[in-house]
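Residue numbers run from 1 in the order of the sequence given.
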Amino acid sequence: MKNVILATSLVLSLLPLAAAAAPTHHASKAPATTYQCRKCHMKVSAATAKKDGYKDPMDGGKLVPMTAAKPMSGMKM
């Protein structure tokens with residue numbers, strides 16, 4: 001019985017260390033580039049914009065890259 005209690009307390013004491021050492025992949029990802037039509041303001045992905053020659057297939061407007069907003073990581077409320 002003492003061995004079970006000892007093993008359980010050891011695992012529970014090391015659990016916060018394992019969680020703190022886990023890598024955070026979301027912080028290193030760059031936001032995906034999106035394009036917006038100048039005429040109708042429709043948004044498309046970079047792959048779609050490249051496929052269509054950077055022109056909106058519906059109304060022929062020019063697709064321009066949108067400026068990416070910075071993520072609000074670290075914001076505390």
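The heavy-atom pair separating Cys37 from Gly61 by the smallest distance is SG-CA, 3.8 Å.
Put simply, NZ on Lys39 and CG on Asp56 are 8.5 Å apart, with the number rounded to the nearest 0.5 Å. Taking OG1 from Thr48 and CE from Met42, the interatomic distance works out to 8.5 Å, rounded to the nearest 0.5 Å. Here CG of Leu63 is found 13.0 Å from NZ of Lys43. Values are rounded to the nearest 0.5 Å. The distance from the NZ atom of Lys62 to the OH atom of Tyr35 is 11.0 Å, given to the nearest 0.5 Å. Rounded to the nearest 0.5 Å, atoms OG (Ser45) and NZ (Lys50) are 12.0 Å apart. With values rounded to the nearest 0.5 angstrom, Met66 atom CE is found 5.0 Å from Gln36 atom CD.
Heavy atoms from other residues, nucleotides or ligands lying under 6.0 Å from CE of Met58 number 12 at most.
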